[in-house]
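Only this structure's heavy atoms are used, side chains among them; waters, hydrogens and symmetry mates stay out. One-based numbering, in listed order, for ligands and for the atoms of each.
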Amino acid sequence: MPEAPKVPIAASATHDYVIDHNRPDVNQNALEFIEDVTTNADEIQKRVLAEILSRSAHVEYLQRHGLNGRTDRETFKKVMPVVTYEDLQSDINRIANGDTSPILCGLPISEFLTSSGTSAGERKLMPTIEEELERRSLLYSLLMPVMDQFVPGLDKGKGMYFLFIKSEAKTPGGLVARPVLTSYYKSLHFKHRPYDPYTNYTSPNETILCPDSYQSMYSQLLCGLCQNKQVLRVGAVFASGFIRAIRFLEKHWSLLCNDIRTGAINPQITDPSVRDAVLRILKPDPELADFIESECTREAWQGIITRLWPNTKYIDVIVTGTMSQYIPTLDYYSNGLPLVCTMYASSECYFGLNLNPLCKPNEVSYTLIPTMAYFEFLPVHRNNGFTTSISVPKSLNEKEQQDLVDLVDVKLGQEYELVVTTYAGLYRYRVGDVLRVAGFKNKAPQFNFVCRKNVVLSIDSDKTDEVELQAAVKDAINHLVPFDASLIEYTSYADTTTIPGHYVLYWELRHDSTTPIPPSVFEDCCLTIEESLNSVYRQGRVSDKSIGPLEIKIVETGTFDKLMDYAISRGASINQYKTPRCVKFAPIVELLNSRVLSNYFSPKCPKWVPGHKQWCTQKQN
Ligand code: AMP
């Protein structure tokens with residue numbers, strides 16, 4: 001994640017802990033800030049909670065639960081329930097529908113941030129307030145001072161980051177609803193950032209803010225290639241996005257070279273502001289064009305990043321969580337450049353940063369910054385057995401609500417689900433991420449990201465859980481009924497060997513009739529599954545093109561018995577064995593692939609519209 005302009009945080013309960021951006025040694029000042037807030041973590045957490053609760057003492061939600069203006073931790077923990085999105089849905093709907101009374105937060109809700117986590121198939125809507133932008137900017141401003149300790153001199157060149165905006169919608173009440181990064185890139189904090197050697201990117205703002213994803217990617221790559229010698233670091237938010245850019249280059253390098261050779265921009269780039277911005281950088285450079293062409297026409301693309309951008313020191317992308325599936329591809333394209341995961345954040349709140357950015361991806365831990373929100377932790381326990389599923393209670397009883405521990409009280413090695421209370425009106429909200437304590441920076445814990453609760457499949461920012469997958473499969477198998485065929489067993493796999501990656505379903509069928517099932521029926525099954533998956537998945541297919549067509553592979557009869565035999569041979573209990581609904585382990589994927597009889601792809605994209613489905617229906621009515 002690239003860093004952001006240096007903006008002072010608003011005066012608040014944490015005002016003793018500020019970064020003075022006018023100090024000449026601003027990097028040192030940022031490191032001192034980290035030192036201070038991690039040393040005084042508990043004191044700050046207490047003050048953050050008190051500040052959030054006193055500012056919002058009069059809001060309906062806190063009054064409903066009888067907090068009565070109290071701001072201490074003990075009363076808060078006794079009175080306030082630990083909640084999920086579904087518990088807040090009706091309050092959030094009221095805000096979305098235009099109720100401006102203080103329901104969740106004492107300050108006006110400025111917009112909704114649409115999470116990649118979904119509820120009932122639609123993106124969750126996270127309320128936010130204007131000042132949260134400052135908190136996000138503060139976290140960004142810590143990244144380069146940390147990085148500078150390990151890789152000095154990054155201020156002498158540029159960062160080539162592929163950054164994109166996504167479509168936005170308006171709620172029926174008129175609030176903008178968009179992803180957090182879209183909100184950030186469109187903000188004045190980003191657009192009007194003062195010159196800073198650390199926020200010197202190869203992509204002009206206009207190319208990042210271009211709503212057409214082809215033009216945005218094309219122009220960002222063109223600018224990155226033109227300035228190839230100046231690039232010292234490359235990246236995108238998630239690994240999947242960076243790989244998509246390399247894939248785009250594989251497809252379009254000859255057009256890009258043509259532009260560099262002639263100094264004229266491809267007429268497919270029609271956005272006037274993008275054209276102007278690119279033409280400020282693009283100059284005829286036949287020598288560079290020849291060089292790029294000779295590199296891109298080589299048979300293997302191994303090391304293409306270090307060949308085209310020879311001064312690159314690292315790749316800045318998130319490869320923790322499900323993104324770890326992309327590590328081998330990134331290693332291949334970069335000849336093993338360091339993969340740097342700098343921060344951990346969400347639409348609900350930005351959480352923390354990696355203080356040891358050159359560590360290996362499997363060692364990454366994030367230090368939560370105590371000024372960002374009030375954090376609590378719900379202990380979770382791994383199920384024993386063949387599948388390493390994580391057992392997290394759905395709704396908590398009173399005793400479990402008391403089990404939550406504070407930031408400074410988590411135990412080394414223990415896994416927890418993250419629960420946040422934010423300045424923007426979430427109280428004891430379960431984020432859905434499972435974290436493991438890997439160590440401490442002073443008093444503040446450092447967490448490995450373990451997983452997102454319940455997610456079985458993910459290619460990009462999509463997160464599909466077992467229940468959604470089951471419902472989608474159930475819809476699809478209706479197509480088999482006229483052929484006297486039924487589904488005996490199934491499992492799934494996120495195949496990232498293709499670019500973009502795609503979902504694969506392995507189906508074992510019982511087919512008694514002699515009437516063959518035409519391929520079009522299985523294609524219909526693929527499409528029905530895609531239509532039934534959540535809107536983040538469908539957006540990835542339709543708009544972002546970050547997910548490829550879903551594939552069904554029909555496997556031989558008896559394949560799932562073989563899968564069970566394999567699991568039992570590795571120690572699974574025969575009584576407790578359940579078919580895993582998603583597989584990741586390479587030998588199992590190989591076993592399944594060795595028994596495939598036929599395979600089918602979704603013939604077209606599923607339907608998707610920006611915003612919530614029900615908002616469009618309301619508009620039409
Ligand atoms: P969103 O609400 O769409 O912004 O997604 C936020 C979620 O993305 C988090 O709750 C995590 O599940 C995931 N995420 C964000 N940052 C990281 C990271 N550094 N490593 C792993 N997962 C992350």
>> So that I can tick it off, tell me whether Asp87 and Arg430 are bridged by a salt bridge, with the cut-off set at under 4.0 angstrom between side-chain N and carboxylate O.
In response: no
>> Aromatic contact between Phe242 and Tyr333, with the criterion being ring centroids under 6.0 Å apart: yes or no?
In response: no
>> Please confirm whether Tyr366 approaches ligand 1 to less than 4.0 Å, judged on its heavy atoms.
In response: yes
>> Using a 4.0 Å cut-off to any heavy atom of Ile318, which atoms of ligand 1 qualify?
In response: 16 (N), 17 (C), 18 (C), 19 (N), 20 (N)
> Does the distance from a Lys or Arg side-chain N to an Asp or Glu carboxylate O, for Arg538 and Glu531, drop under 4.0 Å?
Replying inline: no
>> Applying ring pair (Phe, Tyr, Trp, His ring centres under 6.0 Å), can you list everything that pairs with Tyr61, at least two apart in sequence or on another chain?
In response: His65, Tyr427
>> Given Ser347, Cys341, Ala345, identify the one with the heavy atom nearest to atom 2 (O) of ligand 1.
In response: Ser347
> Does any N/O atom on Ser346 come nearer than 3.5 Å to any N/O atom on ligand 1?
Replying inline: no
>> Does ligand 1 come near enough to Asp433 that some N or O of the ligand is less than 3.5 Å from an N or O of the residue?
In response: yes
>> Quick check: Met343 and ligand 1, any N/O pair under 3.5 Å apart?
In response: yes
> Can you find an N/O atom of Ser115 closer than 3.5 Å to an N/O atom of ligand 1?
Replying inline: yes
> What's the verdict on side chain to side chain donor-acceptor pair (under 3.5 Å) for Gln45 and Asp406, showing C-alpha distance, side-chain angles and the deciding distance?
Replying inline: CA-CA 9 Å; Gln45 282 283 279; Asp406 276 320; over 6 Å; no
> Which ligand 1 atoms does Arg452 reach within 4.0 Å, using its non-hydrogen atoms?
Replying inline: 7 (C), 9 (C), 10 (O), 12 (O)
> Just which atoms of ligand 1 are under 4.0 Å from any heavy atom in Ser116?
Replying inline: 1 (P), 2 (O), 3 (O), 5 (O)
> On the ring face of Tyr423, is Arg135 found with NZ or CZ under 6.0 Å from the centre and within 45° of the axis?
Replying inline: yes
> So, for Gln470 and Arg581, which heavy atoms are closest and what is the spacing to 0.1 Å?
Replying inline: OE1-NE, 4.3 Å
>> Is the distance from the ring center of Tyr140 to that of Tyr350 below 6.0 Å?
In response: yes
> So which protein heavy atom does atom 8 (O) of ligand 1 come closest to, and at what separation?
Replying inline: Lys463 NZ, 4.2 Å
> Which residue supplies the protein heavy atom nearest to atom 20 (N) of ligand 1, what is that atom called, and how far is it?
Replying inline: Thr320 OG1, 2.6 Å
> Using 30° and 60° as the class limits, which term best fits the ring planes of Phe377 and Phe375: parallel, tilted or perpendicular?
Replying inline: tilted
> Considering only protein heavy atoms, which is closest to atom 17 (C) of ligand 1, and at what distance to one decimal place?
Replying inline: Tyr344 CD1, 3.6 Å
> Would you say atom 6 (C) of ligand 1 has a protein heavy atom nearer than 4.0 Å?
Replying inline: yes
